[in-house]
Amino acid sequence: MHKITTAEEAQAFIDRFDTFLFDCDGVLWQGKHVLDGVCETMDILRAKGKRLLFVTNNSTKSRAEYVEKFKSLGLTATEDEIFSSAYASAYYIKNLLKLPADKKVYAFGEGGLRTELEAEGIQVRGIDEDNDPINFDTLHTIKPNPEIGAVVMGFDADLTYRKYARAFTYLYHNPECTFIATNEDATYPIGGTVYPGAGALISPIITALGREPLYMGKPQQTMLDCIMLKYHLDKEKTCMVGDRINTDILFGINGGLSTLLVLTGVTTKESEAEASEIQAEYLANSLGDLYHLTK
C-alpha cells in the first residue's frame with residue numbers, strides 16, 4: 001500500500017490515471033457537508049481532462065436528483081457521470097438482460113428506482129403501489145403473473161407484507177423471472193447512525209426462496225460490467241476511490257482496477273487499513289490531499 005504524503009506522490013498518482021470512479025458519502029461529503037479540498041481536487045482533475053464517474057450503492061435517488069444534490073453542495077456532476085445502483089439495475093435490464101418489451105418489472109424501492117427503470121423504457125409495477133396492508137383473508141388474491149419478467153428490490157421505507165408477497169409469488173412460481181437486488185448493504189447510514197439497509201430488507205425473500213439475487217451494487221461486479229459496457233474504460237488507467245474496504249476497495253480489486261482508500265468515512269485510521277486482509281493500492285488521509293499537496 002502506497003501512502004500519498006508528498007506533492008510528487010500526489011502528482012504521480014493523478015498523472016497515472018485517465019478515469020476515476022468515486023464513491024460519494026465518506027469520500028466527497030459527510031451528510032450535508034463537502035469534505036475539505038474536494039471541490040478543488042475535482043477542479044484539478046477536470047482541468048487535466050480526467051473522466052470522473054460517481055458510483056454509489058444508494059438506490060433511492062435518480063441521477064437527476066443526484067445532480068441536484070451535487071449542485072446544492074457546490075459540486076459539479078452531470079447525469080452521465082453518475083452510476084447509482086438504481087441506474088445500474090435499469091441499464092442491466094435494458095442492455096444485458098435485454099428484457100422483452102412485453103415484459104414488466106415488479107420493483108420495490110423509492111421513486112429514484114422507478115425513474116431510472118422508466119427512463120430505459122421498462123414497464124414498472126410495485127413502486128408507489130401496494131402500500132396498503134393485507135391480511136390472511138385476502139392474501140390469496142396475489143397470484144403468479146407471467147407478464148413479470150424481473151423482480152427488482154431496493155431500499156424501501158414503505159415496505160408492506162403485500163409487497164413481499166407479490167415479489168415472492170412472482171419469483172416462486174416462475175424460475176425464469178430474474179431476481180435483482182440493487183445492493184446488499186446491510187445498513188444505511190444517516191443522521192450520524194445506521195439503520196437497516198437494502199440488504200437487510202431483501203433478506204426475507206432470499207430466505208423464503210432459498211435463492212440469491214443478482215446484486216447490482218458494490219462490491220459485486222455486475223455494476224462494473226455495466227460501467228465498462230457503457231464507457232469502454234481502460235482498466236489499467238482507471239482507479240476506484242472509496243472509504244469502505246469491503247465494498248469500494250474490494251469492488252475495484254475484483255474488477256482489476258487500481259484503488260485509493262481515503263480515511264474520511266467508514267475506515268478512519270491507517271491502522272484499520274493496514275490490518276485489513278483487503279489492501280488498497282494507495283492510501284490517503286482524504287481526497288482533498290490531492291489538492292492540498294499539489295497547490
**OP:** Take Phe13 and Phe20 through the ring-ring contact (aromatic ring centres under 6.0 Å, His included) test and state the conclusion after the steps.
**Re:** CA-CA 11 Å; Phe13 171 78; Phe20 294 89; 5.7 Å; yes
Subject >> Leu75 and Trp29: CA distance, side-chain angles, deciding distance, side-chain contact (heavy atoms from CB on, under 4.5 Å) verdict >> reply: CA-CA 10 Å; Leu75 295 170; Trp29 60 68; 3.9 Å; yes
Subject >> Residues Tyr282, Arg16; criterion side-chain hydrogen bond (donor to acceptor under 3.5 Å, both in side chains); working and verdict >> reply: CA-CA 12 Å; Tyr282 294 94; Arg16 180 181 168 187; 2.8 Å; yes
**OP:** List the steps, then state whether side-chain contact (heavy atoms from CB on, under 4.5 Å) holds for Val105 with Leu99.
**Re:** CA-CA 9 Å; Val105 166; Leu99 188 73; 3.7 Å; yes
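A donor-acceptor pair is defined here as one N or O able to donate and one able to accept, closer than 3.5 Å; such a pair exists between the side chain of Lys103 and the backbone of Pro146. Judged by distance alone, with hydrogens and angles left aside, the side-chain atoms of Lys143 form a donor-acceptor pair with the main-chain N or O of His140 at under 3.5 Å. At least one donor-acceptor pair closer than 3.5 Å links the side chain of Asn183 to the backbone N or O of Asn57. Looking at Thr138, its side chain never comes within 3.5 Å of a backbone N or O of Ile134 through a donor-acceptor pair. Remark: side-chain polar atoms of Gln11 are not paired, donor with acceptor, to backbone N or O of Glu8 under 3.5 angstrom. Thr259 places a side-chain N or O within donor-acceptor distance of the main-chain N or O of Glu281, the cut-off being under 3.5 Å.
For residues 35-51, the set of pairs meeting the side chain to side chain donor-acceptor pair (under 3.5 Å) definition, not counting sequence neighbours, comprises Asp36-His292, Arg46-Glu81.
Shown here for Cys226 and Leu96, the closest heavy-atom pair between the two residues is SG-CD1, 4.2 Å.
For Lys237, the NZ atom counts as densely surrounded, since its 6.0 Å shell holds more than 12 non-hydrogen atoms of other residues, nucleotides or ligands.
Ring centroids of Phe54 and Tyr66 are separated by 6.0 Å or more, keeping the two rings apart. Ring to ring, Tyr161 and Phe168 are not that close: their centroids are 6.0 angstrom or more apart.
In this structure the side chain of Leu224 reaches within 4.5 angstrom of the side chain of Leu257, judged on heavy atoms.
With Tyr106 as the aromatic partner, Arg125 does not meet the cation-pi criteria of under 6.0 angstrom to the ring centre and within 45 degrees of the ring axis.
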